[in-house]
Structure formats: structure tokens, C-alpha cells
Novice: 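Got a structure for you, written out below as C-alpha cells; questions coming shortly.
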Amino acid sequence: MSGKADIISQLQRDILRLQGFRSAQRDHSPVIDLGQVNSVFPDQTFPVGTIHEFLCPVTEHAAAASGFVSALTGTLMQYGGACIWISVARTLFPPSLKTFGIEPDKVIFIDLQRTKDALWALEEALKCEGLAAVVAEIPEIGFTQSRRLQLAVEQSRVTGFILRTSSRPVSATACAARWQITSLPSGIEDNMPGVGYPRWQVELLKVRNGRTGSWKMEWSESRFTVLVDQPVSLNIPDHQLKTG
Amino acid sequence: MAARFVTIWFRHLLTDWQIRRQPELQQTPFVFAAPVHGRMVITATSIPAEQQGIRTGMPVADAKAIVPGLQVFDEPPGKGTQLLHALGEWCIRYTPLVAVDLPDGLILDSSGCAHLWGGETGYLKEIITKLRAIGYDVRGAMADTIGTAWAVSRYGRIEPIITSGEEAAALMSLPPAALRPEPAALERLHKLGLHQIGSFIDMPGRILRRRFGPSLLSRLSQALGYEMEGIQPLFPPPPYEERLPCLEPIVTATGIEIAISNLLEKLCSRLQQEGKGLRTATLKAYRIDNRMVQATIGTNRASHHVTHLFKLFELKIPSIAPGPGIELFTLEAEKTEDAAPTQEALWTAGPGLNNPAVAELLDRLAGKIGAGNIRRYLPEEHFWPERSIKQTPSLEEKPVTHWRTDKPRPVQLLATPEPVEVAAPIPDYPPMLFRYKGELHEIRKADGPERIEREWWLDGGEHRDYYTVEDKKGQRYWLFRSGHYSGQQSQWFIHGFFA
């Protein structure tokens with residue numbers, strides 16, 4: 001039986017290879033481990049060297065997505081890589097990146113007024129092989145533009161994260177994965193008062209060659225933890241409980 | 001080829017200038033005067049005044065006693081220097097290296113220039129006649145050293161052009177002042193009866209040094225060519241410059257591209273040989289309608305990489321308007337630095353800020369969107385959130401202090417805190433709910449307060465009490481109360497969003 005399973009997984013890998021998917025381990029790039037989320041990705045690995053888009057129509061979503069993306073970027077930058085953060089109307093506060101495992105002085109911020117300039121800068125940055133990741137906060141991106149970016153990363157194998165901040169209905173893109181990150185109430189052991197580690201509802205809306213899904217995740221102690229659904233304890237409004 | 005220098009002495013610089021402005025003064029004795037120690041002293045005299053016995057340095061009152069109808073003008077301060085600069089610029093037609101020799105002369109480095117005017121006699125004659133035609137009373141001399149040329153132009157009586165090796169002979173009969181000695185040394189020379197250079201030129205150097213100080217000896221060696229004497233050219237030659245004249249005027253973008261790559265190859269091979277890289281470079285395109293267009297590029301780290309620099313210029317090509325045609329391109333590297341030679345093919349650096357590919361990418365971005373839009377931040381030792389980071393233009397600068405992680409900081413920080421309406425029942429407790437942009441947020445969890453005081457030596461105002469709050473949906477915010485709790489009058493602001 002195991003022989004058959006081996007053959008099937010080998011065939012699956014061959015199909016992926018024929019479809020142009022390259023596995024990450026072969027180029028010795030850092031591996032992002034998302035625990036059980038990995039199972040939905042092609043080849044059971046987080047696809048690096050492609051473009052991921054995040055939908056963040058409101059500021060709170062943008063904050064959550066920035067945190068999630070920073071954590072992913074931090075993993076990609078762990079071997080001393082640099083990151084470029086392109087934004088139109090940036091509000092990101094560099095010191096907070098340290099919480100997500102990024103040395104903020106290794107990030108170069110490019111602040112632009114027009115989306116057109118930002119897309120040009122994004123494409124140029126994605127063509128540069130010396131970078132670990134490129135993050136772009138832009139209002140909107142069209143299909144043709146995303147196709148250009150995808151072609152650029154296929155050459156350079158740089159991972160791109162696009163945070164789409166427009167609140168209008170999303171259009172189709174050529175990105176490899178589409179995510180939506182929303183905040184979840186944090187939890188502290190024994191219902192102690194105070195705010196805990198960041199928790200998110202991570203929704204994978206689309207992924208090429210993979211399956212979609214939705215998970216509850218927490219970023220604590222410099223790694224992701226997937227939370228299994230458990231009966232949520234009653235949230236007592238405990239603002240009366242003084243902390244700090 | 002031996003160096004040749006021409007010195008020009010403007011004997012009546014200021015008065016000649018005045019006559020040029022007011023030709024009727026030609027025959028009138030007049031002087032310029034400036035206040036020295038509270039009295040007016042003559043600083044420049046016209047030829048008729050000089051003939052009647054008026055000298056510079058004389059008080060105006062004495063001069064008026066000698067020549068009753070003497071006209072006195074106030075000397076415009078700095079006029080002499082200004083005139084010499086203008087004349088020096090005019091002399092650029094004779095040599096590229098012209099220096100101003102204050103107070104009343106010019107020095108021209110004419111090495112290799114004289115043959116264009118049919119020899120040294122023709123060259124010097126041309127300069128002198130042209131300047132005399134303008135109206136300046138000048139004397140000039142040419143020699144292998146600046147010292148000899150200076151001496152002959154001021155004191156020489158026989159021959160203005162001193163051939164190579166004849167310096168000592170030419171200096172023999174001149175007075176010691178021709179060597180530009182210090183006033184004290186000059187006075188002592190005359191006191192000892194040494195009225196001609198010839199009477200002490202053969203004395204041993206150590207005796208001259210003991211009696212008259214080291215400067216006289218050094219001046220003598222400079223005049224004889226044993227010691228170098230430098231000049232400060234009006235237009236310093238750019239150290240790294242390449243020129244490309246075009247046979248036919250260039251009007252197309254392709255033509256400009258070819259010109260740029262041609263110039264870059266020449267410049268970069270020179271830079272590479274000397275172990276240098278350029279930081280800024282300017283391309284100047286001279287058009288046939290006498291106008292000049294230019295494009296400047298800058299790099300983040302010194303580079304002599306032709307392909308990379310060409311890419312930077314490529315972005316600028318649309319801004320170069322060829323008009324009727326470009327006849328000359330010049331490429332000048334204004335700022336160069338030592339560049340470590342890189343083994344590009346064998347040794348590609350790992351990802352990071354010191355990767356040349358990243359630096360080249362940033363150059364390209366800076367060329368199009370402006371370097372001001374590219375930012376990098378370092379930590380600063382301030383608690384006040386807005387001041388806890390500082391911007392740095394350099395890629396190499398390392399943080400001098402650590403990034404703090406002991407206090408929570410939001411992922412998104414608003415540039416200016418926005419006021420929110422809150423319901424905060426008890427002092428020093430987080431609010432129960434707040435309204436931001438019309439939406440009501442019911443607070444479930446909170447941390448704080450974290451009090452951050454204003455740095456009174458930087459600015460004034462209230463302190464802030466920060467609270468990290470989480471609403472019913474799990475969205476996390478950074479709120480603060482400005483100043484102490486004062487019931488309904490408390491001012492609350494939202495300052496950031498946590499992930």
C-alpha cells in the first residue's frame with residue numbers, strides 16, 4: 001500500500017513540476033512553517049517565490065494583515081535578507097516589526113503618492129534577486145499588472161506580498177494566493193485581564209494548485225500556532241480589572 | 001615638455017577700470033582712497049597723478065597739497081578681486097588654467113598652448129595687445145617658473161620671454177623685491193647693500209636661511225625652478241571627465257544612448273583602474289543652438305558598473321531634449337569614492353543591504369521617484385512614539401541602540417493622533433467604549449496605562465496615558481488620554497492599530 005501512496009505523491013509532484021511549480025527546499029530558501037495550514041498548499045509547503053495578495057478593506061484589517069505579513073517576512077529574512085516595503089499613504093510603525101521577528105533597520109520603506117509609481121517600484125523590486133521579500137500596500141491592482149508581477153517573480157524567485165487596501169469589490173488577479181486576515185479576540189490563560197498575543201482568523205480564499213481553508217492562528221513566542229476550536233469561554237467585560 | 005607660465009601685471013588696475021567707465025578722466029590726475037586707521041590713504045593712482053609725484057600709501061591730504069585739483073574716489077571694496085576674476089575668465093581663451101594673483105596680477109599656465117598662436121612671442125603679444133586694447137595698462141612675461149615670470153613682468157626691462165634654463169641670468173640684475181620676499185627680509189637685504197638678486201644668488205643656502213629666514217630661500221628656489229609652486233585655477237579641471245564630440249548633430253534617443261554608453265565605458269574603465277567608483281555623475285549635452293541640457297544621476301554606493309550606470313541614465317533620456325541636434329556630450333563624475341573591487345560573477349553576496357543588486361535597485365528607484373521617498377529607519381532613544389525612530393539616508397549606518405520590544409507598539413501608527421469620544425468612568429482606568437469614525441467600539445480587554453511624558457527640553461504640552469484596548473470583535477487599538485483625568489473634559493485620542 002505504501003508503495004502505491006509513494007507513486008501517487010511522486011506523480012502529484014511531477015504534475016506540479018509540469019505546471020511550473022518549483023519546490024522551495026531545492027533552492028535552500030527559508031521555509032515558512034504554518035503547521036497544519038501547510039497541508040492545503042501544493043507540495044505541502046508554503047509557496048515562496050510567488051505573489052500573495054491580502055484583502056484589507058478597512059484599517060483594522062490592514063493592521064492585522066500587516067502583522068501576519070510581517071511575521072511571514074520575518075521568517076524569509078532570517079538569513080540576513082533585506083525587505084522592501086512599498087506603500088501609498090503608509091502608516092506602518094517600524095519599531096513594531098521587531099515583534100514579528102524583523103530587524104526594522106533592514107527594511108527599506110518606499111513611500112509614494114501614486115499607485116502607478118508604486119506598481120512600477122514594486123515590479124522593479126520584485127525583479128531584484130537580492131531581496132528576501134517585497135511588501136506593497138496599494139489600493140488596487142488589475143489583472144494585467146498582477147500578471148506582470150507574477151512574470152517578474154518567476155525569474156527572480158522573490159516573494160511578494162500585496163496588501164489591497166481598497167474597499168471596492170475585488171477584481172481577479174494572477175496572484176498565487178489570496179488571503180483575508182481579520183482580528184480575533186485574544187486570549188490569556190485562566191481569563192486573566194489584559195490583552196494577549198495577536199490572534200487572527202486567517203482565511204485562504206484562493207490558492208493555485210491547492211485547497212482553500214480558514215484557521216484561527218496566534219502569533220506567540222516568534223511562531224504561528226494554529227488554534228483548534230474549543231468552547232469559547234464567556235468573555236466577561238473585564239475592563240474593570242486593572243492591569244499594567 | 002617643460003611647464004611655461006605667463007604672468008600679467010595690471011599696473012593701474014582700478015584707475016584703468018575707472019577710465020573705461022569715464023573716458024574724460026584720461027588726462028586728469030585722480031586717485032582711489034580708502035580709510036586706514038581713521039585717515040584716507042591712496043590705494044590706486046592714475047598715470048597723470050603718478051607723473052606728478054603721487055604714490056600709493058600717501059595720505060589724501062598730502063596728495064591734495066601736491067596736486068590741488070586732485071580727484072579722489074572712494075575705493076569700492078573688493079573691486080580689484082572682482083575685476084581680476086572677470087579678466088581671468090576672459091583669459092580662459094588662452095589657457096584652461098588661469099589663476100588670480102592678488103592684488104594686481106594674473107598667472108596663466110600656458111604649457112602647450114603657445115603654438116596655437118604661432119609661438120611664444122606671438123602668444124604673449126596677443127595677450128598684451130588685446131588687454132591693452134581693452135584699456136588696461138599691462139605688462140607680461142613668460143618663463144618656466146611662476147617666480148621668474150612674476151619678477152620679469154614687474155621689474156624686467158629687456159626681454160619678456162625667458163627661455164628655459166635662463167632664469168638665473170634673467171634674475172641677476174633685478175632688485176630683490178622681484179622675488180616676492182617678506183617685507184622684513186627685503187628691508188634687511190637693502191640694509192646690507194644687496195640691491196640686486198645677482199649679489200646674493202650665489203650665497204650658500206644655509207647663510208641665506210640664517211640671515212633672512214626660510215621664506216626668501218624658498219622664493220629663490222621657486223623662481224629658479226628647484227621647488228614647485230602651485231596655483232589655484234579659477235576653473236579647477238574636473239578630475240573625471242569624458243568628452244564625445246559628434247560629427248553630425250544627434251537628434252534621436254538611440255543616438256543619445258550610444259553616446260552615453262560610449263562615455264560610460266571610457267569613464268568606468270578609468271575609474272576601475274584607479275579603484276574608484278562614482279557617486280554622482282552629470283551628462284551635459286551641448287546643442288547646436290548654443291543651449292545645454294543636462295541630466296544628473298546619483299548612486300547609493302560607489303559604482304563603476306557600466307550596465308548599472310547606463311540603466312540610471314536610461315531613465316533620464318526622455319528629459320534630454322535634443323532640439324535641433326546635440327554636437328557635444330560631456331560626462332563628468334563630480335563625486336567619486338573608493339570602490340572595493342567586486343568579483344561579480346564568482347562571488348554573489350547573500351541577500352541583505354550590502355548586496356550590490358539591492359544598492360543598484362535603490363539607485364534605479366531613486367532616479368525615477370526621488371531619493372527622498374526612500375526611507376530607512378534606525379531606533380532613537382526616546383519614549384515619545386513619534387521620536388522613537390529616526391530616518392537615515394545611508395544603507396550602511398548601523399543602529400547604535402536596540403529596538404525596544406518591552407512595551408507593545410502598534411503596527412499602524414497614525415501620523416497625528418485623532419480625537420475619539422470615549423466613556424471612561426473612573427480615573428486611570430481604560431475607557432468602556434469609544435467612538436471612532438462614527439463606529440462604536442465596545443472595549444472588552446485593556447492593558448495600561450503606560451504613561452509617556454513629554455520631553456520638556458524638546459517641546460511642551462501634556463503627557464499621554466496610553467492604553468492598549470481590544471474591542472468586542474477582537475480589533476486592537478492604541479488609545480491615549482492627553483494629560484490627567486478630568487472627568488468629561490478629558491481629551492482622548494486614537495493613535496494606532498495593533499495587529
Side-chain angles (χ1 to χ4, degrees), chain A residues 59-60 62-68 70 77 79-82 84 91-100 103-112 117 120-121 124-125 127-132 182-186 188 193-196 198-201 219 235 237-240 242-244, chain B residues 349-353 355-358 360-362 364-365 368-369 373-379 385 388-389 392 395 397-399 403-405 408-415 426 428-432 442-450 468-470 472-477 496-499:
Chain A
T59 322
E60 286 87 352
S66 307
F68 187 74
S70 312
M77 284 169 73
Y79 298 129
I84 288 192
T91 48
L92 188 95
F93 189 48
S96 68
L97 294 176
K98 181 82 185 171
T99 330
F100 298 101
E103 288 295 325
D105 51 280
K106 286 211 176 127
V107 182
I108 295 157
F109 294 95
I110 297 176
D111 298 335
L112 295 163
D117 289 337
W120 176 82
E124 288 292 316
K127 279 182 195 162
C128 176
E129 294 179 13
L131 293 170
T182 39
S183 303
L184 278 184
S186 61
I188 294 188
V195 180
R199 255 184 213 186
W200 303 298
Q201 180 76 44
W219 174 260
N235 259 335
D238 45 11
H239 51 263
Q240 295 94 334
K242 188 174 178 240
T243 62
Chain B
L353 288 181
N355 187 321
V358 176
E360 287 177 7
L361 165 75
L362 292 179
R364 234 168 20 248
L365 293 175
K368 175 132 176 186
I369 60 177
N373 290 325
I374 298 176
R375 300 182 177 128
R376 184 173 167 249
Y377 295 97
L378 292 179
S388 62
I389 51 173
T392 170
L395 283 183
E397 197 176 340
K398 295 269 181 291
W403 291 99
R404 295 173 64 96
T405 48
R409 286 290 175 265
V411 168
Q412 311 264 0
L413 188 83
L414 296 171
I426 323 166
D428 288 347
Y429 270 66
M432 282 163 68
E442 199 179 311
I443 293 167
R444 283 296 166 89
K445 289 176 185 154
D447 261 337
E450 178 193 351
T468 308
V469 299
E470 185 180 285
K472 208 160 63 177
K473 285 192 229 163
Q475 295 163 344
R476 289 166 279 269
Y477 303 88
F497 303 87
F498 283 93

Novice: Could you check whether any side-chain heavy atom of Leu92(A) comes within less than 4.5 Å of a side-chain heavy atom of Val411(B), counting everything from C-beta outward?
Specialist: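 In contact.
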Novice: Do Ser183(A) and Phe498(B) have side chains that approach each other closer than 4.5 Å (heavy atoms only, starting at C-beta)?
Specialist: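 No - every pair of side-chain heavy atoms lies 4.5 Å or more apart.
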Novice: Is there a side-chain contact between Leu97(A) and Trp403(B), using heavy atoms and a 4.5 Å cut-off?
Specialist: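 Sidechains of Trp403(B) and Leu97(A): no contact.
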Novice: Do you know which two heavy atoms are closest between Pro94(A) and Tyr377(B), and how far apart they sit?
Specialist: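 Heavy-atom minimum between the residues: CG-CD1, 3.6 Å.
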Novice: Examine whether an atom of Ile389(B) lies under 4.5 Å from a heavy atom of chain A, and if so say whether it belongs to the side chain, the backbone or both; otherwise answer neither.
Specialist: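 Just its side chain gets close to chain A.
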Novice: Is there a side-chain contact between Asp117(A) and Asn373(B), using heavy atoms and a 4.5 Å cut-off?
Specialist: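 In short, these two side chains do not touch, never coming nearer than 4.5 Å.
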Novice: Testing the basics here: between Phe93(A) and Ser388(B), what is the closest heavy-atom pair and its distance to 0.1 Å?
Specialist: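 Distance-wise, the nearest heavy atoms are CZ-OG, 3.5 Å.
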Novice: So what's closer than 4.5 Å to chain B heavy atoms on Trp219(A): side chain, backbone, both or neither?
Specialist: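 Neither part.
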Novice: Could you tell me which of Cys128(A), Pro104(A), Pro95(A) has the largest number of non-hydrogen atom pairs under 4.5 Å with chain B?
Specialist: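 Of the candidates given, the most pairs with chain B belong to Pro104(A).
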Novice: What are the two closest non-hydrogen atoms of Pro410(B) and Ser96(A), and how far apart are they?
Specialist: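 Heavy-atom minimum between the residues: O-CB, 3.2 Å.
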Novice: Which atoms of Ala65(A) come close to chain B, meaning under 4.5 Å heavy atom to heavy atom: side chain ones, backbone ones, both, or neither?
Specialist: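 Nothing of Ala65(A), per the 4.5 Å heavy-atom cut-off to chain B.
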Novice: Which atoms of Leu361(B) come close to chain A, meaning under 4.5 Å heavy atom to heavy atom: side chain ones, backbone ones, both, or neither?
Specialist: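 Interface part for Leu361(B): side chain.
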Novice: What part of Phe100(A) is in contact with chain B, defined as an atom under 4.5 angstrom from a non-hydrogen atom: side chain, backbone, both or neither?
Specialist: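 It is the side chain, since no backbone atom gets that close.
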Novice: On a heavy-atom basis, which atom in Thr468(B) and which in Val195(A) lie closest, and how many Å separate them?
Specialist: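 Thr468(B) and Val195(A) have their closest heavy atoms at O-CG2, 3.7 Å.
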Novice: Got a donor-acceptor contact below 3.5 angstrom from the Glu124(A) side chain to the Arg364(B) backbone?
Specialist: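 Checking the backbone N and O of Arg364(B) against the side chain of Glu124(A), no donor-acceptor pair under 3.5 Å is found.
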Novice: Can you tell me how far CD1 of Ile84(A) sits from CG of Leu362(B), rounded to the nearest 0.5 angstrom?
Specialist: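 Separation between the atoms: 5.0 Å.
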Novice: Chain A: which of Pro408(B), Gly496(B), Gly474(B) shares the most heavy-atom pairs with it under 4.5 Å?
Specialist: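 When all of Pro408(B), Gly496(B), Gly474(B) are compared, Gly474(B) has the most.
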Novice: Keeping Arg476(B) on the side-chain end and Pro185(A) on the backbone end, is there a donor-acceptor pair under 3.5 Å?
Specialist: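 No, Arg476(B) side chain to Pro185(A) backbone: no donor-acceptor pair under 3.5 Å.
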Novice: Would you name the heavy atoms of Ala63(A) and Phe497(B) that are closest together and state the gap between them?
Specialist: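 Smallest interatomic distance, heavy atoms only, reads CB-CB, 3.6 Å.
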Novice: Any idea which heavy atoms bring Ala499(B) and Trp200(A) closest together, and the distance?
Specialist: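 Taking every non-hydrogen atom into account, C-NE1, 3.4 Å.
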Novice: If you measure from CD1 on Ile110(A) to CD1 on Ile369(B), what distance do you get to the nearest 0.5 Å?
Specialist: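 Those atoms lie 5.0 Å apart.
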Novice: Below 4.5 Å, heavy-atom pairs only: which of Gln475(B), Arg409(B), Lys398(B), Glu360(B) has the largest tally toward chain A?
Specialist: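 Counting heavy-atom pairs under 4.5 Å, the top option is Gln475(B).
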Novice: Between Leu112(A), Leu184(A), Thr182(A), which residue shows the highest count of heavy-atom pairs closer than 4.5 Å to chain B?
Specialist: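 Option with the top pair count is Leu184(A).
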Novice: Among Ala64(A), Gly67(A), Pro198(A), which has the most heavy-atom pairs under 4.5 Å with chain B?
Specialist: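 Winner by heavy-atom pair count: Pro198(A).
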Novice: If you apply the rule side-chain hydrogen bond (donor to acceptor under 3.5 Å, both in side chains), what do you find for Gln412(B) with Thr59(A), and how did you get there?
Specialist: CA-CA 9 Å; Gln412(B) 311 264 0; Thr59(A) 322; over 6 Å; no
